[in-house]
Amino acid sequence: MTRAQIDTLLQKIESTEQVGGGNDRIKAIVNRINRDLFYAIEDLDIQPEEIWKAVNFLTQAGVNGEYGLIAAGMGIEHFLDLRMDEEEERAGISGGTPRTIEGPLYVAGAPKSVGFARLDDGTEVEEGKVFFMQGQVVDGNNNPIPGAIVEVWHANLKGNYSYFDQTQSDFNLRRTIETDENGNYQFRSILPSGYACPPGGSTDVLLTSIGRHGNRPSHVHFFVSAPGFRKLTTQINFEGDPYLWDDFAFATRPGLVPDQVDITDAEKIKEKGLTKPYS
Ligand code: DHB
Ligand code: FE
């Protein structure tokens with residue numbers, strides 16, 4: 001069909017919308033996406049069996065609860081970040097730690113402490129490598145913000161997150177840290193492994209069929225908030241991870257790979273009450 005014929009058909013479909021009925025914003029979005037889809041069906045000569053296969057795929061993706069993963073994998077979540085960056089730039093807001101995607105695995109209500117927290121429950125301390133991370137929450141003028149809330153969450157050595165992985169203890173690798181009087185926070189944990197989309201799941205099937213993988217590099221998530229300030233959603237990554245710049249969710253950004261130092265000095269190891277090198 002020609003574009004004109006398709007447009008006539010779309011007008012007929014849209015003309016069934018009750019004037020003053022429904023929600024104008026939703027109408028605008030749905031009609032636009034439907035139009036783009038009709039054009040794609042025409043331009044790519046998408047066959048009926050391909051459409052019904054897609055409908056079944058989407059149904060199963062919903063059953064599997066994988067739409068969040070698909071949104072990340074298609075780069076939509078990263079695109080939203082870039083658009084928020086752009087909006088801030090237009091408003092004259094710049095600097096600070098870059099934002100990056102939240103992902104679908106945050107859980108509210110993690111145990112809270114001031115200044116320091118240990119995130120891991122100890123079950124992987126033998127197998128894993130201990131790391132400490134410290135930082136300071138500052139405002140746009142570099143003034144420390146005491147009492148800021150730093151929420152941290154990450155995966156275990158299997159790349160799984162507590163709560164979603166019911167074999168882990170409650171809130172394992174999830175904590176809420178309030179910055180101290182100097183705006184500082186520190187935590188101790190186990191270096192996480194990267195995440196892989198569930199094998200054979202909808203996201204995995206989709207990515208495989210377009211010649212991509214569903215892996216994320218090892219990372220730690222953060223929410224940073226304080227009264228009177230915008231909330232930061234971000235992550236850090238670790239140097240040396242093979243997927244560092246090949247994240248299926250496109251979340252790695254310059255400025256989010258902090259300096260990492262291996263501590264092998266016996267005295268320093270002992271000082272921390274540890275028996276092997278840490279990071
Ligand atoms: C996604 C994000 C994550 O941080 C993660 O660990 C797994 C998946 C995501 O955006 O799909
Ligand atoms: Fe994650």
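First listed ligand is number 1; within each ligand, the first listed atom is number 1.
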In plain terms, say whether Asp36 and Arg32 are close enough for a salt bridge, that is, a side-chain N and a carboxylate O under 4.0 Å apart. yes

Heteroatom test (N, O or S) for Gln235 near the Fe ion (ligand 2), limit 2.8 Å: no

So is there a nitrogen or oxygen of Tyr195 less than 3.5 Å from a nitrogen or oxygen in ligand 1? no

Distance filter under 4.0 Å to Ala72 heavy atoms, resulting ligand 1 atoms: 9 (C), 10 (O), 11 (O)

Counting each atom of ligand 1 from 1 as listed, which ones have a heavy atom of Gly103 under 4.0 Å away? 2 (C), 10 (O)

Would you say Glu102 and ligand 1 have an N/O pair spaced under 3.5 Å apart? no

Test ring pair (Phe, Tyr, Trp, His ring centres under 6.0 Å) applied to Tyr195 and His219, step by step: CA-CA 9 Å; Tyr195 170 94; His219 60 277; 7.5 Å; no

Run the numbers for me: atoms of ligand 1, each under 4.0 Å from some heavy atom of Leu105, listed by number. 5 (C), 6 (O), 7 (C)

Under a 4.0 Å heavy-atom limit, does Phe248 contact ligand 1 with its side chain, its backbone, both, or neither? side chain

Closest approach of Gly75 and Phe250, non-hydrogen atoms and distance? CA-CD1, 3.7 Å

Side chains of Arg174 and Ser162 only: does a donor on one sit below 3.5 Å from an acceptor on the other? yes

May I ask you to decide if the ring planes of Phe187 and Phe131 are parallel, tilted or perpendicular, using 30° and 60° as cut-offs? perpendicular

Protein contact of atom 3 (C) of ligand 1 - nearest heavy atom, named by residue and atom, plus distance: Arg216 NH1, 3.1 Å

Looking at the Fe ion (ligand 2), is there an N, O or S atom belonging to His221 that lies under 2.8 Å away from it? yes

Would you say Lys27's side chain and Glu17's backbone share a donor-acceptor pair under 3.5 angstrom? no

Near Glu77, which atoms of ligand 1 are under 4.0 Å from a heavy atom of that residue? 10 (O)

List the closest protein heavy-atom neighbour of atom 11 (O) of ligand 1: residue, atom name, distance to the nearest 0.1 Å. Leu69 CD2, 3.0 Å

Walk me through it: do Tyr39 and Asn34 pass the test side chain to side chain donor-acceptor pair (under 3.5 Å)? CA-CA 9 Å; Tyr39 288 173; Asn34 211 36; over 6 Å; no

Does a sphere of radius 6.0 Å around CD in Gln5 hold more than 12 heavy atoms from other residues, nucleotides or ligands, not counting ones at 6.0 Å or beyond? yes

Quick note on ligand 1: atoms under 4.0 Å from a heavy atom of Ile101 include exactly 10 (O)

Nitrogen or oxygen atoms of Tyr161 and ligand 1 under 3.5 Å apart: yes

If hydrogens are left out, which of Cys197, Ser218, Pro104 has an atom nearest to atom 9 (C) of ligand 1, that is, the closest non-hydrogen atom? Pro104

Which of these, Asn237, Thr100, Asp85, Asp247, sits in a side chain to side chain donor-acceptor pair (under 3.5 Å) with Arg253? Asp85

